A.B. asks: 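First the structure, then my questions, so here it is.
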Amino acid sequence: MTFPEWTKPGVFGALVGAVAISVLGFTWGGWTTAGSADKKAQNLAAEEVTLAMVPVCLNLSEADTERAAKLATLQEASSFQRRKAMMETGWATQPGTDAPSQDLADACLVGLELDGS
């Protein structure tokens, strides 16, 4: 079987075009792989859960009998130590978990509005 003379350059052109379109699509076209879309969805879900838990954290702080002492500890802590201090209060522990969440601690600190920080 013989192929026309233009077949070989046509096939190579189609392959080069497919590679070029793929590169352009993934870099500038907004295409994503299933793995990166999954990762993005997981991050977004984690952020939304954290935001939904901030009112719980603030309610825990309001109901705490040792609130004044814990708030004083938080205000005395440097900005670098506040997350750790917030986690030690127990307010940043999500219901059903044993360990406090760093992201929830940061969000709760913003919600408490300690001396403008």
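As the structure is a computational prediction, the values presented were derived from the model and not from experiment.
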A.B. asks: Rounded at 0.5 Å granularity, tell me how far OG1 in Thr73 sits from CD in Glu66.
C.D. replies: 10.0 Å
A.B. asks: For the CZ atom of Arg82 and the CG atom of Leu112, what is their distance to the nearest 0.5 Å?
C.D. replies: 10.0 Å
A.B. asks: For residues 27-66, which residue pairs pass the ring pair (Phe, Tyr, Trp, His ring centres under 6.0 Å) check, not counting sequence neighbours?
C.D. replies: Phe26-Trp31
A.B. asks: Name all pairs fulfilling the side-chain hydrogen bond (donor to acceptor under 3.5 Å, both in side chains) condition that reach into residues 36-62, sequence neighbours left out, sorted by first residue then second.
C.D. replies: Thr33-Ser36
A.B. asks: Test: salt bridge (charged side-chain N to carboxylate O under 4.0 Å, His left out). Region: residues 91-112. Which pairs qualify, not counting sequence neighbours?
C.D. replies: Arg83-Asp106
A.B. asks: Report the distance from atom CD of Glu113 to atom CG of Leu58, rounding to the nearest 0.5 Å.
C.D. replies: 9.0 Å
A.B. asks: Answer yes or no: is there a side-chain heavy-atom contact under 4.5 Å between Met53 and Pro95?
C.D. replies: yes
A.B. asks: Verify side chain to side chain contact (heavy atoms under 4.5 Å, CB included) between Leu60 and Thr89, making sure each step is shown before the conclusion.
C.D. replies: CA-CA 10 Å; Leu60 285 173; Thr89 63; over 6 Å; no
A.B. asks: Do Val11 and Phe3 touch side chain to side chain, with heavy atoms closer than 4.5 Å?
C.D. replies: no
A.B. asks: Measuring from Thr93:OG1 to Met86:CE, what's the distance to the nearest 0.5 Å?
C.D. replies: 10.5 Å
A.B. asks: Testing the basics here: between Ser101 and Met87, what is the closest heavy-atom pair and its distance to 0.1 Å?
C.D. replies: O-CG, 4.3 Å
A.B. asks: What are the two closest non-hydrogen atoms of Ala85 and Ala77, and how far apart are they?
C.D. replies: CB-CB, 4.4 Å
A.B. asks: Using the rule that Ile, Leu, Val, Met, Phe, Trp and Tyr join whenever any side-chain heavy atoms are under 4.5 Å apart, tell me whether Val23 and Ile21 fall into a single cluster.
C.D. replies: no
